[in-house]
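So you know, we letter chains A, B, ... as the sequences are listed, proteins then strands, and number each from 1.
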2 protein chains.
Amino acid sequence: MVDKRDEAETDIIPPGMLALDQQLCFAVYSAAHALNRTYKPLLDPYGLTYPQYIALMTLWEGDGRTVKALGAKLGLDSGTLSPLLKRLEAAGYIMRARDKADERQVLVTLTDKGRAMQRDAVAIRMEIGKATGCTLEALQALTGDLQAMTERLEAGAARDDAA
Amino acid sequence: MVDKRDEAETDIIPPGMLALDQQLCFAVYSAAHALNRTYKPLLDPYGLTYPQYIALMTLWEGDGRTVKALGAKLGLDSGTLSPLLKRLEAAGYIMRARDKADERQVLVTLTDKGRAMQRDAVAIRMEIGKATGCTLEALQALTGDLQAMTERLEAGAARDDAA
DNA sequence: CAAAATCATATTGCGCGCAATTTAATTTTA
DNA sequence: TAAAATTAAATTGCGCGCAATATGATTTTG
């Protein structure tokens, strides 16, 4: 396939690649919005937003975490989590209390309502999976690819911070 | 591979699938944040946010669009775009003017500064592509998969609206 | 042990993103 | 053609998401 068009292709490929990587960013951006819009009608009956829902999911995997530990799992800082957790507490899903051993920390624990929500989450997850229209294998592959890319992006950001 | 464990696997696979689809949503959510964080230091020197940047990109592909046309391309409504476009105008990247032929519409056009930004965007796109650590083929595949999933999610939302 | 540094969380300010509403212009239809 | 319906933008209110800052609590270190 190496022919006299090679020279032209070195001119053509870069713009193509540039357009594509633009599309990847936008594809991720659009997919995130589409997923959020799919979750909304499923979470609205519970008065929950998607970020609140994933905060609950983190607690289902381990109750009694600090705000910092939750933030590490979710990739969010206290500026986002503090008000979010206050709303979850006001809605009766969690409780917050200063750690007696270290008063700087706030321990977040599930209420009965917060634990009960985990059962309803099963149906929500099924709905979302169905809405994606993906096979289990496709979901696994997509998830893995995205996680790998995210790790590389975060590693790059960490390197830039060090520099 | 069909053996006496089949029965157990029908119990095991659903939770596995449920956990995975959760991870897909979160993987998309995390990737969107990671991409946004990667863009931020590249766009900050221009005083642009990522949503503002993709609005400009849309205009580079066709100037003089209405707010509604921009919204259709980006998947955003006037509640998001109106203030965003005002900020882009205040920053000198675009101009907004009511359409003489239909005063309901606002036509958005690029300024010289807005057009000049397109040249700097080439370097930004290269940086992002490098930061993802993906090959061109991997970027294409990921983008295509995400676009296909997003289309299915949006089709489902449209069906739900009709119902 | 006291001052300084560090740490965890909360707060403030700003820009999305979206639902709901408002305003003004255009089109439909009666 | 006048009233009703539709349309395009803008506005309001609320919840993220993040940078910058503030407030206490704990640890370090001099």
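Residues that satisfy the side chain to side chain donor-acceptor pair (under 3.5 Å) test with B:Arg96, not counting sequence neighbours, are B:Glu89. Residues passing the salt bridge (charged side-chain N to carboxylate O under 4.0 Å, His left out) test with A:Lys40 are A:Asp44, sequence neighbours excluded. Applying the salt bridge (charged side-chain N to carboxylate O under 4.0 Å, His left out) criterion to A:Asp99, with sequence neighbours excluded, gives no partner residue. Among residues two or more places apart in sequence or in another chain, the salt bridge (charged side-chain N to carboxylate O under 4.0 Å, His left out) test is passed with A:Glu151 by none. For A:Arg87, the salt bridge (charged side-chain N to carboxylate O under 4.0 Å, His left out) criterion is met by no residue, not counting sequence neighbours.
Distance, B:Tyr39 OH to D:dC18 P: 17 Å, rounded to whole Å. Rounded to whole Å, the distance from CG on B:Leu74 to P on C:dC18 is 11 Å. A:Tyr53 has its OH atom 16 Å from the P atom of D:dC16, to the nearest Å. Taking atom CG of B:Leu70 as the reference point, atom P of C:dG17 lies 14 Å away to the nearest angstrom. At whole-Å resolution of the value, CG in B:Asn36 and C1' in C:dC14 are 14 Å apart. Rounded to an integer number of Å, the gap from CG of B:Leu107 to C1' of D:dA8 is 11 Å. If you measure from atom CG of B:Leu43 to atom C1' of C:dC16, you get 14 Å, rounded to the nearest angstrom. Atom-to-atom, CG of B:Asp44 to P of D:dC18 comes out at 13 Å; the value is rounded to the nearest Å.
If you check C:dA8, D:dC16, D:dA9 against the side chain of A:Pro51, the one that comes closest is D:dC16.
The side chain of A:Thr49 contributes an N or O atom lying less than 4.0 Å from OP1 or OP2 of D:dC16. Applying the 4.0 Å criterion to OP1 and OP2 of D:dG15, one finds that A:Gln52 has every side-chain N and O outside that range. Residue B:Tyr29 places at least one side-chain N or O under 4.0 Å from the OP1 or OP2 atom of D:dG17.
A:Thr38 places a side-chain N or O within 3.5 Å of a backbone atom of A:Ala34 that can act as its donor or acceptor partner. Not a single donor-acceptor pair under 3.5 Å links the side chain of A:Ser78 to the backbone N or O of A:Leu81.
Applying the ring-ring contact (aromatic ring centres under 6.0 Å, His included) test to pairs two or more places apart or on separate chains, those with a residue in residues 51-76 of chain B are B:Tyr39-B:Tyr53.
Judged by closest nucleotide on DNA chain C, A:Lys68 is the one of A:His33 and A:Lys68 placed further toward the 5' end.
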Could you list the donor-acceptor pairs under 3.5 angstrom formed by side chains in residues 106-115 of chain B, with sequence neighbours left out?
| residue | atom | partner | partner atom | Å |
| --- | --- | --- | --- | --- |
| B:Thr111 | OG1 | B:Gly92 | O | 2.6 |
| B:Thr111 | OG1 | B:Tyr93 | O | 3.1 |
| B:Thr111 | OG1 | B:Lys113 | N | 3.3 |
| B:Thr111 | OG1 | B:Gly114 | N | 3.1 |
| B:Asp112 | OD1 | B:Arg115 | NH2 | 3.0 |
| B:Lys113 | NZ | B:Ala91 | O | 2.7 |
| B:Arg115 | NH1 | B:Leu110 | O | 3.4 |

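In this structure, A:Leu81 reaches neither bases nor backbone, as no heavy-atom distance under 4.0 Å exists between it and the strands shown. A:Gly47 comes within 4.0 angstrom of no nucleic acid atom, judged by non-hydrogen atoms across all strands. Residue B:Gly71 is out of contact with every strand shown, counting any heavy-atom pair closer than 4.0 Å.
With hydrophobic clusters built from ILVMFWY side chains whose heavy atoms lie under 4.5 angstrom apart, B:Leu84 shares a cluster with B:Tyr46.
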Contact list (N/O, under 3.5 angstrom) for nucleotides 19-26 of chain D vs protein:
| residue | atom | partner | partner atom | Å |
| --- | --- | --- | --- | --- |
| D:dT26 | OP1 | A:Glu103 | N | 3.1 |

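Against DNA chain D, the stretch residues 85-95 of chain B makes heavy-atom approaches under 4.0 Å through B:Lys86.
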